[in-house]
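Note sheet for the following structure.
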Amino acid sequence: MRRELAPWLCGRTVASAERVDAPPGPKYAGLDRLRGRRIEAVRRRGKFLLLPLSGAVAEELIVHLGMTGVLSANPPAGHLRVRLRLDGPEPSTLYFRDVRRFGRFTVVPAGDYRSLPTLAALGPDALAPEFTPEGFAGSLGRSGMAIKPLLLSQRAVAGVGNIYADEALWRSRLHPERSASRLTKRQVTALHAAIVAVLEESVALQGTTLHDYRTLGGRSGSFLERLAVYGRAGESCPRCGGTVVRLVVGQRGTHVCPRCQPAPQRRSRPPG
DNA sequence: CGCATTTCCTGGTAGC
DNA sequence: TGCTACCAGGAAATGC
């Protein structure tokens, strides 16, 4: 999404920014400060888009798609939240549709992420060179926290959501409930490599369209057909032929192959 | 502080 | 057919 947006938005000036059917509150705040400002860059950190703005006061537009957010160059059928008109030789408009309103479209002082605690505490981006096996190992904490909730927290690595957490754990043969701090160095290295590989492959295929996600031009991503376990409960594991099962870990739907990803040792089990 | 739990939100769908 | 109940999960808010 960032790669599509950058050449289109960089250097352009906002002619108007309208909130459309978006409730008051921090998720769609500061849009009145966009008019007349130039978009200097389109950056990404994890799942957040950061668009620094021209002007005496250093501010940036933060966009997060949430679950159902879609940016498009053409007006959506419904659930439009923001309409951003851009100046230029060919004036154009960026639309933000967000059915469930989990997304975000906010102007904040540059680098001031007090209203975005996850962004403030974001780990290194999964596809940036700063994300290394060594650094990853050092960010896994000392508690018994399970590895999957830690991945979803964005604290150890930025950019891994529910789908890619399940896929990366499957690739590295790790059960999502294993204690993050008790992974071996070899396991951490495998998981690191799996995260990078899964995300690179998905980006190459324009992402995973479950229902809503579309590219700027309205195309679906095709990584869905490459998923090994996510959403495939009852189907065969492509690696061992075992049956994929769905469980709940940290209140989130989670998919594993029990044969490839053995559950961590429970403290005790009734005999017999 | 750190982790766990609850909340927000709406379309789709299962079940009757 | 039409109604109700429930599920999906990003990150923030709240609880302990």
Side-chain angles (χ1 to χ4, degrees), chain A residues 1-2 19-30 44-50 61-71 76-82 96-106 108 112-123 125-126 138-169 176-182 195 199 202 207-214 220-221 223-224 227 229-234 244-256 264:
Chain A
M1 180 59 74
R2 192 206 70 79
R19 237 160 71 160
V20 185
D21 189 25
K27 289 190 171 182
Y28 296 92
R44 181 188 63 79
R45 289 182 55 194
K47 296 178 246 180
F48 293 86
L49 288 170
L50 297 81
L61 170 64
I62 308 289
V63 179
H64 195 299
L65 301 181
M67 290 290 300
T68 53
V70 176
L71 291 168
H79 304 98
L80 177 65
R81 306 297 174 208
V82 179
F96 185 51
R97 172 188 213 215
D98 183 19
V99 173
R100 278 149 72 178
R101 305 168 196 255
F102 279 14
R104 224 172 155 123
F105 204 103
T106 317
V108 299
D112 180 355
Y113 303 139
R114 280 174 296 184
S115 65
L116 300 128
T118 301
L119 179 56
L122 205 65
D125 188 89
S139 67
L140 298 181
R142 281 173 293 280
S143 72
M145 189 177 184
I147 182 63
K148 177 165 174 181
L150 181 68
L151 291 178
L152 295 184
S153 78
Q154 310 297 306
R155 235 176 331 122
V157 55
V160 178
N162 202 42
I163 294 173
Y164 301 123
D166 282 4
E167 293 298 308
L169 288 165
E177 289 177 304
R178 294 185 77 118
S179 162
S181 62
R182 288 198 274 277
I195 288 168
L199 287 175
S202 186
T208 305
T209 297
L210 281 183
H211 305 285
D212 305 275
Y213 175 73
R214 294 292 185 281
S220 295
F223 195 70
L224 182 69
L227 297 179
V229 288
Y230 183 88
R232 297 201 185 281
V244 174
V245 301
R246 181 185 183 278
L247 48 148
V248 174
V249 178
Q251 331 298 123
R252 290 293 170 251
T254 299
H255 309 77
V256 301

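Every chain is numbered from 1 and lettered A, B, ... according to where its sequence line falls, protein lines coming before strand lines.
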Phosphate-side-chain proximity, A/R101 and B/dT10, N/O vs OP1/OP2 below 4.0 Å: yes

Sugar-phosphate only, base, or nothing, as touched by A/R252 at under 4.0 Å among non-hydrogen atoms: base

Quick test: give all pairs of protein nitrogen or oxygen and nucleotides 14-16 of chain C nitrogen or oxygen below 3.5 Å, distance rounded to 0.1 Å.
none

Length of the NZ-C1' vector between A/K27 and B/dC9, whole Å: 8 Å

Touch class at under 4.0 angstrom, heavy-atom based, for A/R142 against every strand present: nothing

Point-to-point distance, once rounded to the nearest 0.5 Å, from CG of A/L71 to CZ of A/R97: 12.5 Å

A/L122 CG - C/dG10 C1' separation (whole Å): 13 Å

Geometric class of the A/F96/A/Y28 ring pair [parallel <30°, tilted 30-60°, perpendicular >60°]: tilted

Touch class at under 4.0 angstrom, heavy-atom based, for A/L119 against every strand present: nothing

Nucleotide of B/dT5, C/dA8, C/dG10 approaching A/Q251 most closely (side-chain heavy atoms): B/dT5

Spacing between A/R81 atom CZ and B/dT10 atom P, to the nearest angstrom: 7 Å

Residue met sooner reading DNA chain B from 5', once A/G144 and A/H79 are mapped to nucleotides: A/G144

Backbone of A/R81 reached by a side-chain donor or acceptor of A/D21 within 3.5 Å: no

Sidechain N-carboxylate O distance under 4.0 Å for A/R104, A/D98: no

Euclidean distance, A/K47 NZ relative to A/L119 CG, rounded to 0.5 Å: 12.5 Å

Distance test, side-chain N/O of A/Q154 to OP1/OP2 of C/dA11, below 4.0 Å: yes

Sugar-phosphate, base or nothing in reach of A/S143, heavy atoms under 4.0 Å: sugar-phosphate

Separation of atom CZ in A/R100 from atom P in B/dC8, rounded to whole Å: 14 Å

Shortest side-chain distance from A/Y230, nucleotide among C/dA8, C/dG10, C/dA12: C/dA8

Residue-phosphate contact under 4.0 Å: A/T68 side-chain N/O, C/dG10 OP1/OP2: no

From CD1 (A/I163) to OH (A/Y230), nearest 0.5 Å: 5.0 Å

Rounded interatomic separation in angstrom, taking CZ from A/R104 and C1' from B/dC9: 15 Å

Beyond-backbone contact of A/V108 with A/S115, side-chain heavy atoms, under 4.5 angstrom: yes

